Amino acid sequence: MNEDMVLRKIEDATRKSRGGGVHLGIGDDTAIWRPTKGFETILTCDWSLEGSHFLLEKHPPEAIGWKALARATSDIAAMGGIARCFLLSLALPTELTGKWLTKFLAGTGRAAKKFGCVLAGGDTTRRKDVLINVSVVGEVRPGRALLRSGAKAGDALFVSGTLGQADVGLRELLAGKGLARATNRNLSKHMYPEPRLELGRWLAERRLATAMMDLSDGLSTDLPRLCAASGVGARIQAEALPRVELRDRDDAMQLALHGGDDYELMFSVAARNVGRVPSEYRGVALTRIGEIVAGRKIRLAGEDGEEAELVAGGWDPFRE
């Protein structure tokens, strides 16, 4: 294999993928992308690194490909946007340019079809370990992008889906032998997460959310970011958190608070609009977990009514 052969392999794997505003894709020094009239462009990128985000001996290449695109596309969902196209930069050893790369591209291709975005280009190089960077181009109606900075005291706070499920899936994956298979919901949530694109657009179009972000690093780590951007605090009701069913309820609570990789949406809603938020949207549960408060403190209220400061315990790549 040489680089031109790798590039042709990537191009062949995505040849049928067209649209997304891409008028010139793989083959030239840059892609040509034409934005949709009446929309603003939103951009994001995300790393997936061997050893940090996946293990070659545990994660199937199809799952690595799917999740690499899902991770970045979740940021588009968090803005209430539409995913249009993406760039894939891939560093990998020569021995993985055969069957492994074929399966990786198959997973990425399935994710691209599911999320409605197409591969526009990227870059490749050789390296001992695998590094993946995905940049996604999205669009949103002018003035409709949902920021982290719009929450106000008195707003209700919601999350989608079940929190901590991906972390349970990771535990099961690590406990198994060889390459994992998505044999249950927990493993599927960890290996093949689905960014909440439809929900994000629905909230944006109906102007229901005042602020929003995706939960990638865990509630206890991500909520302070939304609150800091909005200049507010929050009070979370522990018993309201949508948790995984485990024998150890305290373990399930800790996972709901600190577990990462769920890629659910967390959003605030003005009190006058709370009644317009359904209990679920297209099969995805929407749960009220607390409220936005004045000040900067983030508190967790237990079942007994006692409150304590919520300490960030989610994913932090720089934490020793």
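These numbers come from a predicted model, not from an experiment. Numbering starts at 1 and runs along the sequence shown.
Using a 4.5 Å cut-off on side-chain heavy atoms (C-beta onward), V137 and L43 make contact. A 4.5 Å side-chain heavy-atom check between L255 and R243 finds every atom pair outside the cut-off. Side-chain contact between F86 and T108 is present, with heavy atoms from C-beta onward closer than 4.5 Å. Using a 4.5 Å cut-off on side-chain heavy atoms (C-beta onward), R126 and E3 make no contact. You'll find the side chain of I82 reaches within 4.5 Å of the side chain of R201, heavy atoms only. With a 4.5 Å cut-off on side-chain heavy atoms, Q237 and R235 count as touching. The shortest side-chain heavy-atom distance between N184 and E172 falls under the 4.5 Å cut-off. In this structure, L199 and R282 have side chains that are not in contact, with every pair of non-hydrogen atoms separated by 4.5 Å or more.
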Inset, instruction - Take M213 and L147 through the test side chain to side chain contact (heavy atoms under 4.5 Å, CB included) and record every step on the way to the result. - result: CA-CA 7 Å; M213 68 179 295; L147 311 182; over 6 Å; no
Inset, instruction - Take R225 and D222 through the test salt bridge (charged side-chain N to carboxylate O under 4.0 Å, His left out) and record every step on the way to the result. - result: CA-CA 5 Å; R225 293 166 176 162; D222 287 326; 2.8 Å; yes
Inset, instruction - Would you check, one step at a time, whether the test side chain to side chain contact (heavy atoms under 4.5 Å, CB included) holds for L90 with L101? - result: CA-CA 10 Å; L90 183 61; L101 179 57; 3.7 Å; yes
Inset, instruction - Kindly indicate, with the supporting measurements, whether the criterion side chain to side chain contact (heavy atoms under 4.5 Å, CB included) is fulfilled by L69 and V136. - result: CA-CA 8 Å; L69 181 55; V136 182; 4.2 Å; yes
Inset, instruction - Test D316 against T221 for side chain to side chain contact (heavy atoms under 4.5 Å, CB included), laying out the working first. - result: CA-CA 8 Å; D316 183 340; T221 294; 5.8 Å; no
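Here L286 contributes atom CG and S279 contributes atom OG; the two are 7.5 Å apart, rounded to the nearest 0.5 Å. L179 CG to L56 CG: the interatomic distance, rounded to the nearest 0.5 Å, is 9.0 Å. The CG atom of D262 lies 9.5 Å from the CG atom of L219; values are rounded to the nearest 0.5 Å. Rounding to the nearest 0.5 angstrom, the gap separating the CG atom in D214 from the CZ atom in R196 is 11.5 Å. A distance of 10.0 Å separates CD of Q165 from CG of L187, quoted to the nearest 0.5 Å. Considering CE of M253 and CG of L241, their distance stands at 5.5 Å, rounded to 0.5 Å.
Contacts of N273 classified as side-chain hydrogen bond (donor to acceptor under 3.5 Å, both in side chains), with partners at least two apart in sequence or in another chain: R276. Evaluation of the side-chain hydrogen bond (donor to acceptor under 3.5 Å, both in side chains) rule for T210 yields D155, S268 as partners, not counting sequence neighbours.
Cluster membership for L163 and Y263, using ILVMFWY side-chain heavy atoms within less than 4.5 angstrom, is not shared. Transitive grouping of hydrophobic side chains (ILVMFWY, heavy atoms separated by less than 4.5 Å) brings V232 and L300 into a common cluster. Linking Ile, Leu, Val, Met, Phe, Trp and Tyr residues whenever their side-chain heavy atoms come within less than 4.5 Å places L105 and F54 in a single cluster. The hydrophobic clustering, which links ILVMFWY residues whose side-chain heavy atoms are closer than 4.5 Å, places Y192 and L88 together. In terms of hydrophobic clustering, with Ile, Leu, Val, Met, Phe, Trp and Tyr side chains grouped at heavy-atom distances under 4.5 Å, V140 and L203 are assigned to different clusters.
Minimum interatomic distance between H59 and I64 (heavy atoms only, all atoms of both residues): O-CD1, 3.6 Å. Taking all atoms of both residues into account, the shortest heavy-atom contact from D167 to G259 is OD2-CA, 3.2 Å. Taking every heavy atom of both residues into account, G313 and S220 meet most closely at N-OG, 2.9 Å. Looking at every heavy atom in both residues, E307 comes nearest to R299 through O-NH2, 3.5 Å. Smallest separation of non-hydrogen atoms from L226 and A151: CD2-CB, 4.1 Å. Contact record, A238 with G302: CB-CA, 4.3 Å, taken as the closest heavy-atom pair.
Counted within 6.0 Å of CD on E245, heavy atoms from surrounding residues, nucleotides or ligands total 12 or fewer; the atom is thus considered open. Atom NZ of K58 sits in a crowded spot, with more than 12 heavy atoms from other residues, nucleotides or ligands closer than 6.0 Å. Annotation: E303, atom CD; neighbour count of heavy atoms from other residues, nucleotides and ligands within 6.0 Å does not exceed 12.
With respect to R249 and E239, a salt bridge is recorded, a charged nitrogen being found less than 4.0 Å from a carboxylate O. Under 4.0 Å is where a charged nitrogen must lie from a carboxylate oxygen, and between R144 and E205 no such pair does. Contact check on K128 versus E50 returns no salt bridge, with no Lys/Arg side-chain nitrogen under 4.0 Å from an Asp/Glu carboxylate oxygen.
Under the 3.5 Å distance criterion, the side-chain polar atoms of N2 are matched with a main-chain donor or acceptor of D4. Using modelled atom types, one side-chain atom of R319 and one backbone atom of G314 make a donor-acceptor pair closer than 3.5 Å. Remark: the backbone N or O of I132 is not paired with any side-chain donor or acceptor of S48 at under 3.5 angstrom. Between the side chain of W66 and the backbone N or O of A106, no donor-acceptor pair lies under 3.5 Å. Not a single donor-acceptor pair under 3.5 Å links the side chain of K67 to the backbone N or O of H53. S149 places no side-chain N or O within 3.5 Å of a backbone atom of A211 that could act as its donor or acceptor partner. Judged purely by atom type and a 3.5 angstrom limit, S74 has no side-chain atom pairing as donor or acceptor with the backbone of R71.
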Could you go through residues 21-37 and list every donor-acceptor pair under 3.5 Å that involves a side-chain atom there, pairing it with any protein atom two or more places apart or in another chain?
from, atom 1, to, atom 2, distance (Å)
W33, NE1, G20, O, 2.9
T36, OG1, R84, NH2, 3.1
T36, OG1, E139, OE1, 2.8
T36, OG1, E139, OE2, 3.3

